[in-house]
Amino acid sequence: MSLPAKRSPEPVFYYVTPEWYKGSEPGFYDVEQLPGTKILRENYAAIRREVVSFYEARGAEITANFTPYAYEEQGWRTINLYSYFLRYEENCKKFPVVDSVVRQIPGMCLAQIAVLDPHTRIKAHFGDTNVIVRSHLGIVVPGDLPDIGIRVGRERKCWKEGDLLALQIARRHYAWNSTDKHRIVLVVDTFRPEYMDRRFAIAGNVLAAIAMKFVATKFPITKKIPRWLSRAIHKPLGWLFQVQLWVQRTFGVGAPPPPHHA
């Protein structure tokens with residue numbers, strides 16, 4: 001499905017409580033309509049050299065992805081450059097080419113190197129909001145369906161080296177790699193056009209939702225608080241993250257970002 005240049009926005013979905021996303025967005029998008037497709041394709045060779053070189057020399061620095069509520073997701077490893085506009089300065093220095101490329105993409109809010117180890121299956125899960133489109137640029141893809149791929153709803157796709165697929169992470173999705181080799185992709189999130197004028201306020205609220213899941217993972221008793229209280233906590237916490245984003249944009253400094261949940 002293509003992505004219109006501008007339209008009336010549906011309500012913003014935040015994955016704060018166990019409620020599912022019920023909006024109208026598709027599972028997958030037409031990548032030809034996305035702002036980063038041309039930029040990423042044109043720079044693929046340089047991106048691949050840098051990512052593969054880093055992985056071969058320092059792959060241990062790509063660590064287990066944060067997954068909420070204390071279940072261990074074996075074999076899903078990530079390293080973040082950006083997380084909802086928060087910049088991981090040291091990681092950006094490790095990937096100067098990737099950093100320089102993704103900063104050219106309009107609406108880019110997240111950039112991440114993601115690895116699926118051999119014989120790994122990520123459990124079905126939801127992303128944090130409906131306001132972004134997540135693109136995957138295939139870096140190392142050691143196979144094709146049905147041995148390796150990603151599923152959103154009932155539709156399955158496989159990555160291709162040098163090309164992109166794009167999905168709506170608010171919809172239930174999962175991925176798998178049944179091959180004997182690692183799969184590596186560059187993940188890039190961009191804000192949908194109809195939300196761009198509110199992007200920093202929304203990003204603050206998404207970061208607040210991620211932080212709340214992190215607390216609930218560390219202190220499981222907090223999962224029992226009523227949904228109305230979770231929503232009440234979410235709003236002022238979102239304001240604090242909005243202040244952090246403003247400080248970072250204005251002065252180039254900020255506290256370390258919270259763990260990212262994909």
Review point. Does one hydrophobic cluster hold both Trp20 and Tyr15, with members joined at side-chain heavy-atom distances below 4.5 Å?
Key: yes
Study note, to complete from the structure: For Pro142 and Thr179 the tightest heavy-atom approach is CG-OG1, 3.3 Å
**Study point:** Smallest separation among heavy atoms of Ala175 and Leu116, with atom names
**Key:** CB-CD1, 4.1 Å
Review point. Does the side chain of Tyr84 reach to within under 4.5 Å of the side chain of Ile210, using non-hydrogen atoms?
Key: yes
Exercise for review: Report the residue from Val102, Ile113, Leu186 that forms a side chain to side chain contact (heavy atoms under 4.5 Å, CB included) with Ile47.
Suggested key: Leu186
Review point. For Phe251 and Trp246, what are the C-alpha separation, side-chain angles and deciding distance, and is it a ring pair (Phe, Tyr, Trp, His ring centres under 6.0 Å)?
Key: CA-CA 8 Å; Phe251 302 105; Trp246 179 83; 5.7 Å; yes
Exercise for review: Answer yes or no: is there a side-chain heavy-atom contact under 4.5 Å between Tyr88 and Ser83?
Suggested key: yes
**Study point:** Inter-residue atom distance Leu81.CG - Lys93.NZ, 0.5 Å rounding
**Key:** 12.5 Å
Review point. So, for Tyr82 and Phe85, which heavy atoms are closest and what is the spacing to 0.1 Å?
Key: CD2-O, 4.5 Å
Check your understanding: Charged N to carboxylate O below 4.0 Å: is that the case for Glu42 and Lys38?
Key -> yes
Point to revise | Steps toward salt bridge (charged side-chain N to carboxylate O under 4.0 Å, His left out) verdict (Glu32, Arg41) | key: CA-CA 11 Å; Glu32 303 302 332; Arg41 283 175 175 166; 2.7 Å; yes
Review point. What pair of heavy atoms forms the shortest contact from Ile39 to Pro35, and how long is it?
Key: CD1-O, 4.1 Å
Practice item. Answer yes or no: is there a side-chain heavy-atom contact under 4.5 Å between Ser135 and Tyr29? Key: no
**Study point:** Option passing side chain to side chain donor-acceptor pair (under 3.5 Å) with Gln112 (candidates Asn80, Asp189, Asn91)
**Key:** Asn80
Point to revise | Test item: Arg77 and Thr63 side chains (from C-beta on) under 4.5 Å apart, heavy atoms | key: no
Exercise for review: Would you mind reporting whether Leu40 and Ile105 have side-chain heavy atoms less than 4.5 Å apart?
Suggested key: yes
Review point. If Ile, Leu, Val, Met, Phe, Trp and Tyr residues are connected whenever their side-chain heavy atoms lie under 4.5 Å apart, and connections chain through other members, are Ile169 and Trp176 in the same group?
Key: no
Check your understanding: Hey, does the side chain of Glu161 reach the backbone of Gly138 with a donor-acceptor pair shorter than 3.5 angstrom?
Key -> no
Check your understanding: Is the backbone N or O of Gly23 less than 3.5 Å from a side-chain atom of Arg171, with the two atoms forming a donor-acceptor pair by type?
Key -> yes
Exercise for review: Would you sort out whether His119 and Asp180 count as a side chain to side chain donor-acceptor pair (under 3.5 Å), showing the intermediate values?
Suggested key: CA-CA 7 Å; His119 305 289; Asp180 295 327; 2.6 Å; yes
Exercise for review: Could you check if a side-chain atom of Pro96 sits within less than 4.5 angstrom of a side-chain atom of Glu50, using non-hydrogen atoms only?
Suggested key: yes
Practice item. Step by step, work out the side-chain contact (heavy atoms from CB on, under 4.5 Å) result for Arg192 and Val131. Key: CA-CA 6 Å; Arg192 289 163 46 195; Val131 304; 5.5 Å; no
Check your understanding: Given the rule that I, L, V, M, F, W and Y join up when any side-chain heavy atoms are under 4.5 Å apart, are Leu145 and Tyr174 in one cluster?
Key -> yes
Exercise for review: Determine whether Phe200 and Leu240 fall in the same hydrophobic cluster, where Ile, Leu, Val, Met, Phe, Trp and Tyr are linked whenever their side-chain heavy atoms lie under 4.5 Å apart.
Suggested key: yes
Check your understanding: About how many Å separate NZ of Lys181 and CD1 of Ile148, when rounded to the nearest 0.5 Å?
Key -> 11.5 Å
**Study point:** Step-by-step salt bridge (charged side-chain N to carboxylate O under 4.0 Å, His left out) determination, Arg231 to Glu19
**Key:** CA-CA 12 Å; Arg231 295 189 183 97; Glu19 296 170 352; 2.7 Å; yes
Study note, to complete from the structure: Rounding to 0.5 Å, atoms OH (Tyr44) and CZ (Arg49) come to a distance of 10.5 Å
**Study point:** Smallest separation among heavy atoms of Ala208 and His234, with atom names
**Key:** CB-CD2, 3.7 Å
Practice item. Answer yes when Lys22 and Glu10 have at least one side-chain N-carboxylate O distance shorter than 4.0 Å, and no when they do not. Key: no
Check your understanding: Okay, side chain of Ser100, backbone of Val97: is any donor-acceptor separation there less than 3.5 Å?
Key -> yes
Revision key, fill the gap. Rounded to the nearest 0.5 angstrom, the OG1-CG distance for Thr250 and Leu245 is 10.0 Å
Check your understanding: Between Glu25 and Tyr21, is a side chain to side chain donor-acceptor pair (under 3.5 Å) present by the stated rule, with each step listed?
Key -> CA-CA 10 Å; Glu25 288 301 301; Tyr21 167 71; 5.0 Å; no
Check your understanding: With a 6.0 Å cut-off on ring centres, are His125 and Trp76 close enough?
Key -> yes
Review point. Would you say Val101 and Val52 are hydrophobically clustered, going by side-chain heavy atoms of ILVMFWY under 4.5 Å?
Key: yes
Study note, to complete from the structure: For Gln242 and Gly204, the nearest pair of non-hydrogen atoms, with its separation, is CG-CA, 3.9 Å
Check your understanding: Under a 4.0 Å N-O cut-off, is there an ion pair linking Asp99 with Arg87?
Key -> yes
**Study point:** Full working for side chain to side chain donor-acceptor pair (under 3.5 Å) between Asn130 and Gln168
**Key:** CA-CA 7 Å; Asn130 62 326; Gln168 172 51 251; over 6 Å; no
Check your understanding: Do His173 and Phe126 make the cut of ring centroids closer than 6.0 angstrom?
Key -> no
Review point. What distance separates Ile139 CD1 from Arg183 CZ, expressed to the nearest 0.5 Å?
Key: 10.0 Å
Revision key, fill the gap. Partner of Tyr14 under side chain to side chain donor-acceptor pair (under 3.5 Å), picked from Asn205, Thr129, Asp128, is Asn205
**Study point:** Any side-chain heavy-atom pair of Arg48 and Val140 under 4.5 Å
**Key:** yes
Point to revise | Side chains of Arg151 and Arg172 in contact at under 4.5 Å (non-hydrogen atoms) | key: no
Check your understanding: Do Phe54 and Phe95 have ring centres separated by under 6.0 Å?
Key -> yes
